[in-house]
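What you are looking at is a predicted structure, and each value in this text was computed from that prediction instead of being measured. Values below: all heavy atoms of this structure, side chains included; hydrogens, waters and symmetry mates excluded.
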Amino acid sequence: MKSPLLSLPGAVPAEGADEGVAAHYGDLFREQRALADGTGFVDLSHRGVVTVTGDDRLGWLHLLLTQHVSELPAGEATEALILSAHGHIEHALYLVDDGETVWAHVEPGTQDALIAYLESMKFFYRVEVADRTAEYAVVHLPAGSIAEVPKGVVVRETPYGRDLFLPRADLESYAEKAGPPAGILAHEALRVERHRPRLGFETDHRTIPHELGWIGSAVHLQKGCYRGQETVARVQNLGKPPRRLVFLHLDGSEVHLPGAGTELRLADEGPDGRKIGFVTTSVRHHELGPVALALVKRNVPVDAPLLAGTTAAAQEVVVEP
């Protein structure tokens, strides 16, 4: 779904998973600094919007999600995963309940598969699931923003800012009042700085929540009876995940960033050494320079210098080995 805000001055369209919104509006670092200072907004209108209504909505979702939501207070934001039977991550949902409806935004293009799964699990529960992507656009206001939120708009308030479920018809008029726009690249740079994983970026077909630090924030360990729960409990109680998320400081003298999928090796083994991981997201940060998130084998020494392709990289621990 192509955003009307791509017509704003300086807008450069994003590619890949974020196609449909602006990568930036002409000045990546200025946009990052604005978000870090609590000004401006990010157009996330390409993300899917799914709602669940009905008297049983919270209890029903509690049975399906990794998060404890049966008694989720109205207005309290949370995030949750849906796992496969083997505990692999299939969906990530960013939720809030407004007292009558659970609102969730999800990765672009994943809402159809999510809704199909939810519909298959309705049984006798009094719930209705709907795709609201055509009607509502997600807009992100950074932490500290004093931008006005229109009356009646559902808001997810988090430590990182507010996600607004804005009527799509109001997107252009709201943009005129919400301050300078920031592109998805600025939003991604701050996400990487905060070590926050993203479905389809830090995940592959075999990722489990422990590898990415999603235990706690998206996975509640004091509940069971959801698909994949056995794997979560077994790894938590009896073992360690095979991989772990790391934050990389990259050699700033390189012109090109090592892209997603770039293989990681131990620096002392050189570029032909054994593969010990791969880059998931790389960005240029306005203060930190070139940085990245990556997945490495759990037993890689935390102080070992790495090579991302041919680029030198230093680790910062995100998930403990």
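Other residues, nucleotides and ligands place more than 12 heavy atoms under 6.0 Å from the CZ atom of R194. Within a 6.0 Å sphere centred on NZ of K275, other residues, nucleotides and ligands contribute more than 12 heavy atoms. A 6.0 Å sphere centred on CD of E148 holds no more than 12 heavy atoms belonging to other residues, nucleotides or ligands. Other residues, nucleotides and ligands place no more than 12 heavy atoms under 6.0 Å from the CD1 atom of I146. Heavy-atom neighbours of E19 CD from other residues, nucleotides or ligands within 6.0 Å: at or below the threshold of 12. For E100, the CD atom counts as loosely surrounded, since its 6.0 Å shell holds 12 or fewer non-hydrogen atoms of other residues, nucleotides or ligands. Other residues, nucleotides and ligands contribute only 12 or fewer heavy atoms inside 6.0 Å of the CD atom of E128. Heavy-atom contacts from other residues, nucleotides or ligands closer than 6.0 Å to NZ of K240 number 12 or fewer.
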Stepwise salt bridge (charged side-chain N to carboxylate O under 4.0 Å, His left out) test for R47 and E107: CA-CA 5 Å; R47 292 184 64 82; E107 287 298 324; 3.1 Å; yes

Apply salt bridge (charged side-chain N to carboxylate O under 4.0 Å, His left out) to the pair R57 and D97, showing each step before the final yes or no. CA-CA 10 Å; R57 66 190 184 280; D97 183 80; 2.7 Å; yes

Under the side chain to side chain contact (heavy atoms under 4.5 Å, CB included) criterion, do D98 and W103 qualify, and how do the steps go? CA-CA 8 Å; D98 67 3; W103 295 77; 3.2 Å; yes

Would V42 and L35 count as a side chain to side chain contact (heavy atoms under 4.5 Å, CB included) here? Give the steps. CA-CA 9 Å; V42 183; L35 293 180; 3.7 Å; yes

Evaluate D55 against Y125 for side chain to side chain contact (heavy atoms under 4.5 Å, CB included), listing each step before the verdict. CA-CA 9 Å; D55 292 344; Y125 290 94; over 6 Å; no

Please determine whether salt bridge (charged side-chain N to carboxylate O under 4.0 Å, His left out) holds for the pair E90 and R227, giving the CA-CA distance in whole Å, both sets of side-chain angles, and the decisive distance to 0.1 Å. CA-CA 11 Å; E90 293 189 344; R227 190 173 69 175; 2.7 Å; yes

Stepwise, does the side chain to side chain donor-acceptor pair (under 3.5 Å) test hold for E202 with T280? CA-CA 5 Å; E202 279 60 59; T280 59; 2.6 Å; yes

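The aromatic rings of Y174 and F41 stand perpendicular to each other, their planes meeting at an angle above 60°, with 30° marking the opposite boundary. Ring pair H249/F247 is perpendicular by interplanar angle, where above 60° counts as perpendicular and below 30° as parallel. Using cut-offs of 30° and 60° on the angle between ring planes, the pair Y94 and H105 is parallel.
Between W60 and F123, the gap from one ring centroid to the other reaches at least 6.0 Å. Between H62 and H68, the ring center distance clears the sub-6.0 Å criterion.
In this structure, E269 contributes its side chain and R274 its backbone to a donor-acceptor pair below 3.5 Å. Remark: the backbone N or O of H286 is paired with a side-chain donor or acceptor of Q32 at under 3.5 angstrom. At least one donor-acceptor pair under 3.5 Å links the side chain of H285 to the backbone N or O of E287. Side chain of R168 to main chain of Y136: a donor-acceptor pair is present (N/O by atom type, distance under 3.5 Å, no hydrogens or angles). Formation of a donor-acceptor pair under 3.5 Å by the T66 side chain with backbone atoms of A218 is found in this model. Under the 3.5 Å distance criterion, the side-chain polar atoms of T203 are left unmatched by any main-chain donor or acceptor of T207. In this structure, the side chain of R284 does not engage the main chain of G289 through any donor-acceptor pair within 3.5 Å. With T51 contributing its side chain and V102 its backbone, the two residues share no donor-acceptor pair below 3.5 Å. Here the side chain of R162 pairs a donor or acceptor atom with the backbone of S145 at under 3.5 angstrom. In this structure, the side chain of S84 engages the main chain of H86 through a donor-acceptor pair within 3.5 Å.
No continuous path of hydrophobic side-chain contacts links V69 to V49 [ILVMFWY only; heavy atoms under 4.5 Å]. V246 and L212 end up in different hydrophobic clusters when Ile, Leu, Val, Met, Phe, Trp and Tyr side chains are linked at under 4.5 Å. I208 and V319 end up in different hydrophobic clusters when Ile, Leu, Val, Met, Phe, Trp and Tyr side chains are linked at under 4.5 Å. Following chains of ILVMFWY side-chain contacts shorter than 4.5 Å, one cannot reach Y25 starting from L6, and the two form parts of different hydrophobic clusters. A continuous path of ILVMFWY side-chain contacts below 4.5 Å connects L288 to L245, so both sit in one hydrophobic cluster.
In terms of heavy-atom proximity, P209 sits nearest to L81 at CG-CD1, 3.9 Å. What you find for L141 and G40 is that their closest heavy atoms are CD2-O, 4.0 Å. Minimum heavy-atom separation, A147 to A178: CB-O, 4.3 Å. Across L266 and A304, no two heavy atoms sit closer than the pair CD2-CB, 3.9 Å. Scanning both residues, A134 and M1, for their nearest heavy atoms gives CA-CE, 4.0 Å. Between L58 and L72 the shortest heavy-atom distance is CD1-O, 3.8 Å.
The closest side-chain heavy-atom distance from L83 to V219 is not below 4.5 Å. Two residues are said to be in side-chain contact when any heavy atoms from C-beta on lie closer than 4.5 Å; L65 and L93 meet this criterion. T39 has its side chain out of reach of P142: every pair of non-hydrogen atoms, C-beta onward, lies at least 4.5 Å apart. Side chains of S3 and L171 form a contact here, defined as non-hydrogen atoms less than 4.5 Å apart. Counting heavy atoms from C-beta outward, L250 and V291 have side chains that stay 4.5 Å or more apart. Between P271 and L307 there is a side-chain heavy-atom pair separated by less than 4.5 Å. In this structure, the side chains of V138 and L166 stay at 4.5 Å or more apart for every pair of heavy atoms. Put simply, the side chain of E15 does not reach to within 4.5 Å of the side chain of D18, judged on heavy atoms.
The NZ atom of K223 sits 8.0 Å away from atom CD of Q67, with the distance rounded to the nearest 0.5 Å. Between atom CZ of residue R243 and atom CG of residue D204 there is a gap of 4.0 Å, rounded to the nearest 0.5 Å. Atoms CE and CD1, from M121 and I82 in turn, are 9.5 Å apart once rounded to the nearest 0.5 Å. Atom CG of L164 and atom CG of L44 lie 10.5 Å apart (nearest 0.5 Å). Note that CZ of R244 and CG of L295 are 10.0 Å apart. Values are rounded to the nearest 0.5 Å. Note that NE2 of H256 is 10.5 Å distant from OG1 of T310, once rounded to the nearest 0.5 Å.
Cation-pi geometry between R198 and F201 is met: under 6.0 angstrom from the ring centre, within 45 degrees of the axis.
The pair E263-R265 counts as a salt bridge, with a side-chain nitrogen and a carboxylate oxygen less than 4.0 angstrom apart.
Donor-acceptor pairing under 3.5 Å is lacking for the side chains of S217 and R196.
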